[in-house]
There are 2 protein chains.
Amino acid sequence: MALKNKSMYAILGILNISPSTGYDIKKYSDNVLSGFWNENFGHIYPTLKMMLEDGMIEIASGEINEKKVRYGITEKGKRELETWLLEDTMQQPVRSEFMLKLLFSSNQPKENVIRMLESYKEIHEKNMEKYLGMLKDLEHGIQEISKERAGFIKAVLRRGILSGEATIRWCNETIEEMQHS
Amino acid sequence: MALKNKSMYAILGILNISPSTGYDIKKYSDNVLSGFWNENFGHIYPTLKMMLEDGMIEIASGEINEKKVRYGITEKGKRELETWLLEDTMQQPVRSEFMLKLLFSSNQPKENVIRMLESYKEIHEKNMEKYLGMLKDLEHGIQEISKERAGFIKAVLRRGILSGEATIRWCNETIEEMQHS
DNA sequence: TGAATTCTATATCACTCTGATATATATGTC
DNA sequence: GACATATATATCAGAGTGATATAGAATTCA
C-alpha cells in the first residue's frame with residue numbers, strides 16, 4: 001500500500017462521467033475541480049498509459065486518431081473507483097508556504113507583514129467571487145448536469161465559500177492585531 | 001525559477017531560531033508547524049547536505065559528533081531567508097482527496113456519504129482541540145518563546161481554529177442536506 | 001538486573017507529483 | 001494572409017512522500 005497514484009482516481013472519476021482525452025481531463029481539473037484538486041500533463045499522460053495497460057480504461061470506440069485519443073472507463077476501472085470511494089481517506093500532507101512565511105516573520109517590519117496579509121486576503125476575495133459565480137451558473141442550469149451530481153458540486157462550492165469567509169475574517173483580525181501592537 | 005526546494009526555507013527558518021539536528025527539524029515540523037507544514041527525513045537530510053555545500057548552514061561548534069550533527073544558519077543563509085520572506089508567495093497546488101471523493105460520490109448510497117462526512121468532522125474536531133490546547137499552553141507561557149514570536153504563533157493557531165470551525169459548520173450543513181433530499 | 005520498548009539520530013530508495021518545455025494541428029480574429 | 005489562441009500529446013529534471021534499515025541512548029516495568 002502506502003504510496004499510491006491519486007491521479008488515477010481523479011481520472012477514473014472523470015471518465016466515469018464521460019469519455020475524455022488527456023486534455024479534457026486537464027480542463028475538468030482546472031474548471032470543476034479547481035480549488036481542491038489539480039492535475040498536470042506530466043502526470044496525466046503517463047498515468048493514462050499505465051491505466052490502459054492495466055485494463056482500467058480503454059480507447060473509446062470511433063474516436064481512434066493518430067493525434068487524439070479519447071478514453072473510457074472499463075468495468076475493472078469502475079470496480080477500482082468504487083473500492084476507493086468506500087475506503088477511508090487518510091489525511092494528506094499540507095504545505096502552506098504563506099503560513100510558513102508568516103510564522104518566520106516576527107522580526108519583519110509590521111508594514112511588510114500587513115502588506116503580506118492584505119495581498120493574501122485579496123487572493124481569497126477573488127476566489128470567493130469565482131465560487132459564487134460558479135454557484136450561480138449551477139443554479140441557473142447552464143451546463144447539462146444531473147440533479148444528483150449538481151447537489152454534490154454545490155456542496156463542494158459551499159465548502160470553498162465557507163473556508164474563504166473564514167480566511168478573510170482571519171486576515172482582517174490579524175491585520176487589526178498587527179496595527180495595535 | 002519555477003521548481004524550488006521549499007524545505008530549504010523551512011529549515012532556514014527553524015535554524016534561524018536555534019541550531020538543530022535533522023531530527024530536531026522534523027520534531028519542530030511535527031509540533032509547531034503541524035497543521036500547515038510538514039517535512040520528512042527523506043527530504044530533510046539530502047537538503048541539509050546540499051545547504052551545507054552551498055554555505056547556507058554550518059556545523060554548529062562544539063557539537064561535532066560521528067552520529068549527531070547540529071547545524072546553524074550562516075550569514076548567507078540569513079540573507080537567503082530574508083529574500084524569501086520579502087518575495088510574493090505564489091499559490092501552491094492543492095489536493096484534497098476527501099473533497100475529490102465526495103464530488104464523485106453522487107451515485108453512492110446516502111448513508112455512506114453521511115458516514116464519510118461524520119468521520120471527516122471528527123478529525124477536524126480533534127484538530128480544533130489540539131489547536132485550543134496549544135493556544136492555552138502558549139498563553140500560559142510554558143515554553144521559552146519571545147513575546148513577538150508568540151504573537152505570530154498565536155495568529156497561525158487562530159487561523160487553524162477559524163478554518164476548523166468553518167469546516168465543522170460545513171460538515172453539519174452538508175449532512176443535514178443529505179438527510180433531507 | 002535484565003528485557004522490552006520507546007526515543008533519538010541518520011540514511012537511502014522507489015515512487016508520486018510539479019512545472020517547464022517541445023511539438024504540431026486546428027480554430028478564431030483582425 | 002498573419003497572428004494569436006485553443007487543442008492535443010509527450011518528456012524530463014527536480015521536489016516531495018512514505019517506507020524501511022540501522023543503531024545507540026533512555027525509559028519502563030517486572
Side-chain angles (χ1 to χ4, degrees), chain A residues 1-12 14 19-31 33-34 36-54 57 59-60 63-71 84 89-97 100, chain B residues 1-12 14 19-31 33-34 36-54 57 59-60 63-71 84 89-97 100:
Chain A
M1 280 282 116
L3 274 255
K4 287 220 83 178
N5 183 336
K6 297 294 163 57
S7 295
M8 202 184 83
Y9 299 113
I11 292 172
L12 285 173
I14 293 167
S20 308
T21 65
Y23 192 80
D24 291 336
I25 290 164
K26 173 71 170 143
K27 263 201 303 183
Y28 196 90
S29 296
D30 290 350
N31 300 329
L33 308 185
S34 88
F36 64 92
W37 197 260
N38 74 293
E39 284 298 339
N40 48 294
F41 293 125
H43 210 202
I44 290 172
Y45 289 110
T47 301
L48 281 172
K49 199 178 270 181
M50 177 273 274
M51 290 167 78
L52 189 62
E53 276 168 24
D54 256 42
I57 58 173
I59 291 166
E63 294 282 357
I64 306 133
N65 193 313
E66 296 285 348
K67 281 280 158 200
K68 182 177 172 169
V69 189
R70 176 165 274 119
Y71 298 94
W84 171 71
T89 305
M90 299 288 102
Q91 86 271 28
Q92 305 305 122
V94 200
R95 281 195 151 197
S96 164
E97 191 177 354
L100 188 69
Chain B
M1 278 281 119
L3 273 257
K4 288 221 83 178
N5 184 335
K6 299 291 164 58
S7 295
M8 202 184 84
Y9 299 113
I11 292 172
L12 285 172
I14 293 167
S20 308
T21 64
Y23 192 80
D24 292 335
I25 290 164
K26 173 69 171 144
K27 265 202 301 183
Y28 196 89
S29 296
D30 290 351
N31 299 329
L33 309 185
S34 88
F36 66 93
W37 197 258
N38 74 294
E39 284 298 339
N40 47 293
F41 293 126
H43 210 204
I44 290 172
Y45 290 109
T47 302
L48 281 171
K49 198 176 271 180
M50 177 274 274
M51 290 168 78
L52 189 63
E53 276 168 25
D54 256 42
I57 59 174
I59 291 165
E63 294 281 357
I64 304 132
N65 193 313
E66 296 285 345
K67 280 279 157 200
K68 181 175 172 170
V69 190
R70 176 164 274 119
Y71 298 93
W84 171 71
T89 305
M90 300 287 102
Q91 87 272 29
Q92 306 305 121
V94 200
R95 279 195 153 195
S96 163
E97 191 178 355
L100 187 68

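Side chains are part of it too, since the values below use all heavy atoms of this structure and drop only hydrogens, waters and symmetry mates. Just so it is clear: chains get the letters A, B, ... in the order the sequence lines come, proteins before strands, and each one is counted from 1.
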Review point. Base, sugar-phosphate alone, or nothing: which one does A:Lys27 contact when heavy atoms must sit under 4.0 Å apart?
Key: sugar-phosphate
Exercise for review: Could you tell me whether B:Glu39 and B:Lys6 make a salt bridge, using a distance below 4.0 angstrom between a side-chain N and a carboxylate O?
Suggested key: no
Practice item. In whole angstrom, give the distance that lies between atom OH of A:Tyr45 and atom P of C:dG19. Key: 17 Å
Point to revise | Distance in angstrom units between A:Leu48 CG and D:dT9 P, rounded | key: 8 Å
Revision key, fill the gap. note: B:Glu39, atom CD; C:dT10, atom P; distance rounded to Å ~ 15 Å
Review point. Can you check whether B:Ser7 has a side-chain N or O nearer than 4.0 Å to OP1 or OP2 of D:dG16?
Key: yes
Check your understanding: Of all the nucleotides listed (C:dA11, D:dG18, C:dT18), which has the minimum atom distance to the side chain of A:Pro93?
Key -> D:dG18
Review point. From D:dG16, C:dC17, C:dT12, pick the nucleotide closest to the side chain of A:His43?
Key: C:dC17
Review point. Closer to the 5' end of DNA chain C via nearest nucleotide, is it B:Thr21 or A:Thr47?
Key: B:Thr21
Review point. Any side-chain heavy atom of B:Arg95 sitting closer than 4.5 Å to one from B:Glu97?
Key: no
Exercise for review: Calculate the interatomic distance between A:Asp30 atom CG and D:dA6 atom C1'; express it in whole Å.
Suggested key: 13 Å
Check your understanding: Among D:dG18, D:dG14, C:dT12, which is the nearest nucleotide to the side chain of A:Leu3?
Key -> D:dG18
Review point. What integer distance in Å separates B:Ile44:CD1 from C:dT12:P?
Key: 15 Å
Check your understanding: Of B:Lys49 and A:Phe41, whose closest DNA chain C nucleotide lies nearer the 5' terminus?
Key -> B:Lys49
Review point. So, for B:Thr21 and B:Arg70, which heavy atoms are closest and what is the spacing to 0.1 Å?
Key: CG2-CA, 4.0 Å
Check your understanding: Do you know which of A:Leu33, A:Ile14, A:Asp30, A:Thr47 makes side chain to side chain contact (heavy atoms under 4.5 Å, CB included) with A:Ile25?
Key -> A:Ile14
**Study point:** Candidate nucleotides D:dG16, C:dC17, D:dT11, ranked by approach to the side chain of B:Asn5 - the nearest
**Key:** D:dG16
Practice item. Using atom CG of A:Leu100 as one end and atom C1' of D:dA15 as the other, report the distance to the nearest whole Å. Key: 15 Å
Point to revise | Separation between NZ of B:Lys68 and CG of B:Asp24, rounded to the nearest 0.5 Å | key: 7.0 Å
Check your understanding: For B:Asn40, which contact category applies under a 4.0 Å heavy-atom criterion: base, sugar-phosphate, or nothing?
Key -> base
Point to revise | Whole-Å gap separating C1' (C:dC17) and CE (A:Met8) | key: 15 Å
Revision key, fill the gap. B:Tyr23 atom OH is separated from D:dA25 atom C1', nearest whole Å, by 11 Å
Review point. Which part of the nucleic acid, if any, lies within contact of B:Gly22, taking any heavy atom under 4.0 Å across all strands shown: a base, the sugar-phosphate backbone alone, or nothing?
Key: sugar-phosphate
